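Okay, structure first, notes after.
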There are 2 protein chains.
Amino acid sequence: MEKILGIFDKFPFLSDSSKTGFLSNLEEVKFEKGELLEEEGKVSQYLYYFLEGAARSYYRRNNRDITVSFTLEGEFVTAMHSFISRKPSYENIETLEKSKAYRISHDTLLNMFENFPETERAYRMILEEYYIVLEEQQIFAKFKSARERYLELMEYRPKVIQKASVGHIASYLDMSIETLSRIRAKI
Amino acid sequence: MEKILGIFDKFPFLSDSSKTGFLSNLEEVKFEKGELLEEEGKVSQYLYYFLEGAARSYYRRNNRDITVSFTLEGEFVTAMHSFISRKPSYENIETLEKSKAYRISHDTLLNMFENFPETERAYRMILEEYYIVLEEQQIFAKFKSARERYLELMEYRPKVIQKASVGHIASYLDMSIETLSRIRAKI
DNA sequence: CTGATTTATTGATTTTCGTCAATAGTATTT
DNA sequence: AAATACTATTGACGAAAATCAATAAATCAG
């Protein structure tokens, strides 16, 4: 069974037939820097698995971009809210650099659930992880000062700091660009 | 099939045998006001469905209680982070009043998934709803002033305001008790 | 019912961080 | 390489809400 990609690492219970079935339904896609994978107003069609590159998810409010997450290699991403609810997304997902990913459409995923019930479990686990990340983020943000939030990001996801702009990081950490700039000045 | 309880309302795809199997694995439990259903430091064992009463989920930080959610009749609740990860919970769940609930243990739930694969889908949907609520909460919190957050709670979940104390509501809305008190003074 | 303890209100002060504004630095285009 | 347009830094100021502190009201225990 495929080894090159870590995509099944977290789903050891999947049978070979499920894996094969799953892989045959994946589509490999490449993106240049700044391309939109998912767009607000449209129902999110795909679940992505990043092989190379990076992306950010963001939405717009008061003419401003609010970054809600960054996706790096080896991670799944979609506009989960829309992907789940089948309602129009308020999120955009754009690549921060040239990227390569696998993707599977929502329809295909539902078919997979019918043909290979184990895959529903794998999806459930992706959802669980998504949930946990969101919950940790929420708690993490609640008690930390702007400075502490930045230091934690540096500690746990330094690659994000390398790949994203000050503006993206600031909105992700829920502070103004100026505040972030001042924090960086006196690390 | 049972009609009294709305527990299956959102899962119309469940077969009668799944429903019967599920119901036979539910345990009915009653609580007085202030009882702990789940406790920090312990792995969350149960998923609850509230028939009557209300509860709040909270964790402790800096000697303070931070309320993360309220559960009313007809809603599911657990310390989801722990229930998912099987790691010790940092959340507590306590009843706000005399309550009645169904509950199912994590082990039983996993067995159900084996015997009635459809139930895994129902669980997935509970998880999805949990996720969506959390995400909406996060965005909701980000752009609203203290006053607006309170007004929205009044609009969408007025029962919470009736049943919870000012302290609980304030921490849930991420503001000080004093601020909430002042907001209430001049509605 | 009464005293004690917890919960809520109101006022004064402080702090953190956002906004506005000017400047500097980096990229991108021609 | 010069011109233009983003992106980042730094300073001055102000606003929202936190903290500290003192009462007041409500709840609970005996």
Side-chain angles (χ1 to χ4, degrees), chain A residues 32-36 54 56 58 60-67 70 92 94-98 138-154 158 160-187, chain B residues 32-36 53-56 58 60-67 70 92 94-98 138-154 158 160-187:
Chain A
E32 291 305 311
K33 174 175 177 176
E35 279 194 74
L36 273 185
R56 76 178 180 113
Y58 65 96
R60 257 176 252 281
R61 237 348 127 81
N62 311 337
N63 289 325
R64 231 172 320 196
D65 279 9
I66 310 302
T67 298
F70 294 102
N92 301 281
E94 75 169 14
T95 49
L96 292 174
E97 56 188 49
K98 200 173 170 179
Q138 211 173 59
I139 290 168
F140 149 84
K142 215 159 191 165
F143 271 92
K144 311 272 177 179
S145 65
R147 182 152 204 283
E148 288 169 320
R149 296 200 299 278
Y150 180 72
L151 291 176
E152 287 220 11
L153 182 64
M154 267 189 82
V160 166
I161 293 172
Q162 291 156 31
K163 298 192 173 194
S165 73
V166 174
H168 299 156
I169 297 170
S171 78
Y172 176 68
L173 295 176
D174 199 15
M175 67 183 75
S176 69
I177 289 178
E178 293 91 329
T179 298
L180 178 52
S181 202
R182 277 183 258 264
I183 289 167
R184 285 159 80 108
K186 45 181 162 180
I187 275 292
Chain B
E32 290 305 312
K33 175 175 177 175
E35 279 195 74
L36 272 187
R56 75 177 182 115
Y58 65 97
R60 259 177 250 280
R61 239 343 131 80
N62 310 335
N63 290 324
R64 231 173 320 197
D65 279 9
I66 309 303
T67 298
F70 295 102
N92 301 279
E94 76 170 13
T95 48
L96 291 174
E97 56 188 49
K98 200 172 171 181
Q138 206 173 60
I139 291 168
F140 151 84
K142 216 160 192 165
F143 272 92
K144 311 271 177 181
S145 66
R147 183 152 202 281
E148 288 170 320
R149 298 200 296 279
Y150 180 71
L151 291 177
E152 286 219 12
L153 182 64
M154 268 189 82
V160 166
I161 292 172
Q162 291 156 30
K163 299 192 173 196
S165 74
V166 174
H168 298 156
I169 297 170
S171 78
Y172 176 68
L173 295 176
D174 198 16
M175 66 183 76
S176 69
I177 289 177
E178 294 91 330
T179 297
L180 178 53
S181 202
R182 277 182 258 264
I183 288 169
R184 285 160 78 108
K186 45 181 161 182
I187 276 290

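What you see is a predicted model; the values in this text were computed from it and never measured. Residue numbers begin at 1 in each chain, while the letters A, B, ... track the order of the sequences.
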From [atom1] of [X] over to [atom2] of [N], roughly how many Å is that when rounded to an integer?
X       : N       : atom1 : atom2 : value
L173(A) : dT16(C) : CG    : P     : 18 Å
E178(B) : dA25(D) : CD    : P     : 18 Å
I161(B) : dA8(C)  : CD1   : P     : 13 Å
L180(A) : dT9(D)  : CG    : P     : 8 Å
Y150(A) : dC17(C) : OH    : P     : 16 Å
I183(B) : dA16(D) : CD1   : P     : 12 Å
D174(A) : dC17(C) : CG    : C1'   : 11 Å
R184(B) : dA26(D) : CZ    : C1'   : 13 Å

Among the candidates [options], find the nucleotide nearest to the side-chain atoms of [X].
X       : options                   : value
A146(B) : dT10(D), dT9(C), dA17(D)  : dA17(D)
M175(A) : dG18(C), dA21(D), dT9(D)  : dG18(C)
T179(A) : dT19(D), dG18(C), dT10(D) : dG18(C)

- Message: Take a 6.0 Å sphere around NZ of K142(A) and say whether it holds more than 12 heavy atoms from other residues, nucleotides or ligands.
- Response: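 For K142(A), atom NZ is crowded (more than 12 foreign heavy atoms under 6.0 Å).
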Looking at [N], I'd like to know if its phosphate oxygens (OP1 or OP2) sit under 4.0 Å from a side-chain N or O belonging to [X].
X       : N       : result
R147(B) : dA15(D) : no
S181(B) : dA8(C)  : no
S176(A) : dC17(C) : no

- Task: Answer with base, sugar-phosphate or nothing: what part of the nucleic acid does R149(B) contact at a heavy-atom distance below 4.0 Å?
- Result: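 Touches nothing.
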- Query: Under 4.0 angstrom, heavy atoms only, what part of the nucleic acid is I177(A) near: base, sugar-phosphate, or nothing?
  - Reply: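 Base contact - I177(A) has a heavy atom under 4.0 Å of at least one base atom.
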Between [atom1] of [X] and [atom2] of [Y], what distance do you get to the nearest 0.5 Å?
X       : Y       : atom1 : atom2 : result
I66(A)  : N92(A)  : CD1   : CG    : 12.0 Å
I161(A) : Y150(A) : CD1   : OH    : 4.0 Å
L96(A)  : K33(A)  : CG    : NZ    : 8.0 Å

- Task: Determine whether any donor atom in the side chain of R182(B) lies under 3.5 Å from an acceptor atom in the base of dG11(C), or the reverse, and answer yes or no.
- Result: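 It does, because a donor-acceptor pair links the side chain of R182(B) to the base of dG11(C) below 3.5 Å.
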- Message: Here's a test of your reading of the structure: between K33(B) and S145(B), which maps to the more 5' nucleotide of DNA chain D?
- Response: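 It is S145(B), whose closest nucleotide lies nearer the 5' terminus.
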- Item | Heavy-atom side-chain proximity of S145(B) to E148(B) below 4.5 angstrom |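 The answer is yes; the side chains approach within 4.5 Å.
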